[in-house]
Engineer: 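Following this message is one structure expressed as structure tokens.
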Amino acid sequence: MPPRRAAGGGGAGTWEWVFAPRSRGERRYWLVKSEPEVFSFEDLLAAPERTTHWDGVRNYTARNFLRDGMKLGDEVFFYHSNAAPSAIVGTCEVVREGCPDNTAFDRDDPHFDPESERDDPTWYMVDLRAIDRLPRAVALPELKARKELADMTLLRIGRLSVSPVTAAQWKAIVAMAK
DNA sequence: GCCAACGTTGGC
DNA sequence: GCCAACGTTGGC
């Protein structure tokens, strides 16, 4: 069930549907954002094994999705933010589940966080492998125009860089991209 | 624990 | 470049 409200970190209960136990073999869906100027879907396709660490996320709600929500084989939309147009452009899959984000321990990394300890890490990442470009990018205004996507977390919480997607939303968007 | 100030994200 | 949204910080 999608969230009733766009509440962010607030009560843990808001995100119960995301962390609820899965039925056997159940696959779930997600969306990650990246500014194409920084790291684009093309960059992911060009990466070794078409895989990258999805690190540097410094928001607790997003961290919880990375650490506890995303499981091997889950599928993930790749969204270009701050782009012209901002759009969902490709799909990837989770190839490694949540593990500590080492960039938080590196003084020279822009995402260094002195509060995060190696034996009790604050921040987590997953590994994502590109599957494919969408046949057609689906731009933000198109998403907003669809009634059945009104509850989509991407549209509700603008600042969240990792967000859940329901199976119905996934299906609708894949159909839009044809 | 409240809330104002501040910083960041990201659409436009 | 502006600004709305909202998460985070810190004073009290």
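Letters A, B, ... are given to chains in the order of the sequence lines, protein chains preceding strands, and every chain is numbered from 1.
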Engineer: With a 4.0 angstrom cut-off to heavy atoms of chain A, pull out the first and last contacting nucleotide of DNA chain B, in 5'-to-3' order.
Structural biologist: B:dG7 to B:dC12
Engineer: Give a yes or no on whether the backbone of A:T122 and the side-chain of A:S116 come within a donor-acceptor separation of less than 3.5 Å.
Structural biologist: yes
Engineer: Which pairs, with at least one residue in residues 118-154 of chain A and sequence neighbours excluded, count as a ring-ring contact (aromatic ring centres under 6.0 Å, His included)?
Structural biologist: A:Y60-A:W123
Engineer: Do any pairs count as a ring-ring contact (aromatic ring centres under 6.0 Å, His included) and have a residue in residues 66-105 of chain A, sequence neighbours left out, and if so which ones?
Structural biologist: A:F41-A:F78, A:W54-A:F78, A:F77-A:W170, A:F78-A:H80
Engineer: Taking atom NZ of A:K171 as the centre, does the number of heavy atoms from other residues, nucleotides or ligands within less than 6.0 Å exceed 12?
Structural biologist: no
Engineer: Can you check whether A:T103's main-chain N or O pairs, donor with acceptor, with A:D55's side chain at less than 3.5 Å?
Structural biologist: no
Engineer: If you assign each of A:N59 and A:N82 to its closest nucleotide in DNA chain C, which residue comes earlier from the 5' end?
Structural biologist: A:N82
